[in-house]
Structure formats: C-alpha cells, structure tokens
Amino acid sequence: MTSAHITRAAGRRDARPRELRNGLEPAGRPIRALKGVVLLAACLVVILPFVAVIATSLADQVQINLAGGYVLWPEHPTLDAYRAIFAGGVVSRALFVSLGVTVVGTLLSLTCTTLLAYSLSRPGSFASRPLLLLVLFTLLFSPGMIPSYLIVKQLGLLESYWSLILPVLVNGFNVIVVRSFFLDLPRDLLDSARIDGAGEFQVLRRVVLPLSKAVLAVVGLFYAVSYWNSFFSAMLYLNDSARWPLQLVLRTYVVDNATMGVDNTALTGELPPPQQALQMAVLVISLVPILIVYPFLQRHFAKGILIGAVKG
C-alpha cells in the first residue's frame, strides 16, 4: 500500500465523529435538541434580568406601572433617569471614587500578594513556614466588625479612602493560589537565571511574572470585583456622603428608596423620572465597568484558577 493510500485511510478514520473515536456513541438528535433547549433556557435565565434592568431604566412611569415594576421592552425609551443622575453630581463623584479605590487597591493588593506568595514559594525563605501557617489561619478565622473598626480608628483611617483598602489589602486564598502557581514553575529555569547572576527581584520580574500572567489576571479580577462591590466598609468608616463610593450610593437608592443628588432641571420631559427607573439606572452604571473589564480577562480565568489551585 502506498503512502497516499495510507493517508486517505487515516483521513477516513479521522472523519468519524469525535464521540465514536473516543469510544462513545454519538448522541441522537432528540438528545442534542434537548441539550440545546436546556442551554437556551439557562441563557435566558441569566440574560433576562439584565434586559429587565436596562429596559426599566429607560422606561417612563406609565409603562412601569402597567408592567408591575419591571419592563422588558420600553415603548418610548428615554434617558431622563441617566440625565438626572449625572446632572446631580453625586453619582458621578461616587463613580470616580469607586474607580480610584478599585484601581489603587487592585494594584497594591496584586503587588503585596505576589511578593508574599513568591517569598512563601521559595525554599529556605526566612520564616516561610510560620508565615504560611498565619496565612492559612486567616482562611479559618476572620476579625470581627468591632475589632476591625477599633483598629481602623486607632490608625486614624476614619473618613479616609485608605480604610477601604488597607484592611483588605491581602486575601489569604489569593496568596495560596499564586503560591501554588509559583511552586509549579520549572525549578531549573529559576536556577539558570540565578546562575546567570540574577537576584531574587530580577528572577521575579523577568522570569516569574511573565510566566504568571494567567493567574495574576484572575487574582487581579478577584481583587477588582471585591473592591468595586464593597459597600459595607464605606458604610462603617465613611460618614461623609461626599466620599461614598458608588455601591453605597446604589444601596441608598435601592434599599433606602432615596434619591441622592438628582437634578430634575436637566430633564427633557415635564415629569421627573420614576424612582424605579432611577434605581435601575444606578444599577446599570455600577455594572458597566466590570462588564467591560471581564471579557478581556475571561480567557485567563479557567487556566489561572485550575493551574494555581489544583497542580500545587
């Protein structure tokens, strides 16, 4: 048999369904249709709440009353709720506060987590064993609200944005994940860099960090979401409403049913926007930044978590 015949025979064998090549029977059409229906239903369950939130923020009072509170398709969409919110200035200021706290907090948390995880992953590091046990201890026991408040007060961090960052600067779970990833890196690669004369910081910066983009992207996303969604710390440590982040302003809109800094003079219509539309508009504004950032990091998500948490 010539090589051409062998190639064609191999191609015919590879043309079989993947399930059959793996020793599994291919699913029939009813099973595939059922899977498609279940997947479509799951997508609708996830997407419909977002659609309802956006549509309600664009609806008027009459349509909200007819729909019973939530609208799926606004007949006469209007941006009056967004104009009133941004014209007031409170939501705009709170948005910049949340962005600043999230960016600064994420960078500092990533830096501290990376340095701590790298030191714990290197054999022979000073006090690595006690520090590792201390990190594991924080996973089992967390400080209470009153001790945390007293510490923040004694440090003079009340009414300061640092009170939203420093108490939660390092997360023990993230340290363990990054440490496990560092332990899985080839030891020979790091030793060769040291033989070439690189110090520990040079090894970390030039060798370890370029190989750790996946896990650092995932941990950075964890920190960013945590800082962005945090409102309880601001409620404890910030009494001045001018310093509040966006999530605490959102809480006053949704839970307290209050409107902060709404300017009705910026509206195009005669009637002010309904309370439900204002609440949904603030909710949409709070969701947009994370929805923008997440797609760029999603491809690293599964890889970073699995490698960092399983292989170590």
Side-chain angles (χ1 to χ4, degrees), residues 41-60 63-64 67-74 77-107 109 161 164-165 168 217-235 238 241 243-263 266 273-302 305:
C43 293
L44 290 177
V45 170
V46 174
I47 294 175
L48 280 179
F50 290 98
V51 175
V53 167
I54 297 174
T56 305
S57 68
L58 301 174
D60 53 17
Q63 192 171 1
I64 291 177
Y70 291 96
V71 179
L72 289 178
W73 187 262
T78 176
L79 296 175
D80 284 347
Y82 294 92
R83 293 192 186 96
I85 287 174
F86 282 112
V90 173
V91 173
S92 302
R93 182 171 59 246
L95 179 61
F96 283 109
V97 169
S98 292
L99 288 175
V101 170
T102 301
V103 172
V104 175
T106 301
L107 292 177
S109 295
Y161 293 132
L164 308 180
I165 299 175
V168 292
V218 173
V219 171
L221 180 63
F222 283 167
Y223 278 123
V225 172
S226 176
Y227 282 117
W228 181 261
N229 290 333
S230 178
F231 73 94
F232 191 69
S233 298
M235 190 168 58
L238 301 179
S241 60
R243 296 176 175 268
W244 283 0
L246 182 61
Q247 302 302 329
L248 190 53
V249 174
L250 173 62
R251 181 184 180 277
T252 61
Y253 272 82
V254 177
V255 177
D256 298 337
N257 203 28
T259 56
M260 297 179 59
V262 174
D263 187 3
Q275 178 69 22
Q276 191 83 357
L278 292 173
Q279 294 174 353
M280 296 302 105
V282 179
L283 184 56
V284 170
I285 295 170
S286 67
L287 290 174
V288 166
I290 296 298
L291 292 179
I292 293 175
V293 173
Y294 182 79
F296 296 98
L297 302 179
Q298 189 271 339
R299 61 191 180 94
H300 299 295
F301 195 84
I305 284 298

**Q** Rounded at 0.5 Å granularity, tell me how far OG in S57 sits from CD in Q276.
**A**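 Between S57 OG and Q276 CD, I get 10.5 Å after rounding to 0.5 Å.
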**Q** Between A281 and I85, which heavy-atom pair has the shortest distance, and what is it?
**A**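 Distance-wise, the nearest heavy atoms are CB-CD1, 3.6 Å.
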**Q** Is any side-chain heavy atom of T78 closer than 4.5 Å to one of L58?
**A**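 No, too far: nothing below the 4.5 Å cut-off.
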**Q** What pairs of donor and acceptor atoms, side-chain ones from residues 217-224 against any protein atom, are under 3.5 angstrom apart with sequence neighbours left out?
**A**
unit_1: Y223; atom_1: OH; unit_2: T113; atom_2: OG1; d: 2.7
unit_1: Y223; atom_1: OH; unit_2: N171; atom_2: N; d: 3.0

**Q** For the residue pair L72 and V51, what are the closest heavy atoms and their distance?
**A**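 That would be O-CG1, 3.8 Å.
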**Q** Can you see which heavy atom on S109 is nearest to which on V168, and at what distance?
**A**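 Closest approach of S109 to V168: OG-O, 4.3 Å.
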**Q** For Y227 and T106, test the side chains for any donor-to-acceptor distance below 3.5 angstrom and give the result as yes or no.
**A**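 Judged by distance alone, the side chains do not pair up.
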**Q** Would you say D60 and D80 make side-chain contact, with heavy atoms under 4.5 Å?
**A**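 No, too far: nothing below the 4.5 Å cut-off.
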**Q** Can you list everything that forms a salt bridge (Lys or Arg N to Asp or Glu O under 4.0 Å) with R251? Sequence neighbours excluded, please.
**A**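 For R251, the residues satisfying salt bridge (Lys or Arg N to Asp or Glu O under 4.0 Å) (neighbours in sequence not counted) are D256.
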**Q** Would you say that W228 contacts L99 through its side chain, given a criterion of any heavy-atom pair below 4.5 Å between the two side chains?
**A**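 Side-chain contact under 4.5 Å: yes.
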**Q** Distance from L283 atom CG to Q247 atom CD, nearest 0.5 Å?
**A**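 So the gap between those two atoms works out to 8.5 Å.
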**Q** Holding to side-chain hydrogen bond (donor to acceptor under 3.5 Å, both in side chains), I want the full list of residues that pass it with T56, two or more places apart in sequence or in another chain.
**A**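 Testing T56 for side-chain hydrogen bond (donor to acceptor under 3.5 Å, both in side chains), a comparison that skips the adjacent residues, returns none.
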**Q** Check whether any side-chain heavy atom of L250 lies under 4.5 Å from a side-chain heavy atom of F231, and answer yes or no.
**A**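 Result no, sub-4.5 Å side-chain heavy-atom pair not found.
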**Q** With sequence neighbours excluded, what pairs up with A277 under the side-chain contact (heavy atoms from CB on, under 4.5 Å) test?
**A**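 A277 satisfies side-chain contact (heavy atoms from CB on, under 4.5 Å) with I64, A81, P274 only.
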**Q** Looking at residues at least two apart in the chain, or sitting in another chain, which of them share a side-chain hydrogen bond (donor to acceptor under 3.5 Å, both in side chains) with Y161?
**A**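 side-chain hydrogen bond (donor to acceptor under 3.5 Å, both in side chains) check on Y161 returns nothing, list empty.
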**Q** Distance from L287 atom CG to M280 atom CE, nearest 0.5 Å?
**A**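 Rounded to the nearest 0.5 Å, the CG-CE separation comes out at 10.0 Å.
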**Q** Nearest 0.5 Å please: distance from the SG atom of C43 over to the CG atom of L48.
**A**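 Interatomic distance, C43 SG to L48 CG, rounded to 0.5 Å: 10.5 Å.
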**Q** Does a side-chain heavy-atom distance below 4.5 Å link V90 with R93?
**A**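 In short, these two side chains touch, coming nearer than 4.5 Å.
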**Q** Taking side-chain hydrogen bond (donor to acceptor under 3.5 Å, both in side chains) as the definition, give me every residue that meets it alongside S98, ordered by chain and number, with sequence neighbours left out.
**A**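 Partners of S98 under the side-chain hydrogen bond (donor to acceptor under 3.5 Å, both in side chains) test: none.
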**Q** Taking C-beta and beyond as the side chain, do W244 and V97 meet within less than 4.5 Å on heavy atoms?
**A**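 Not in contact.
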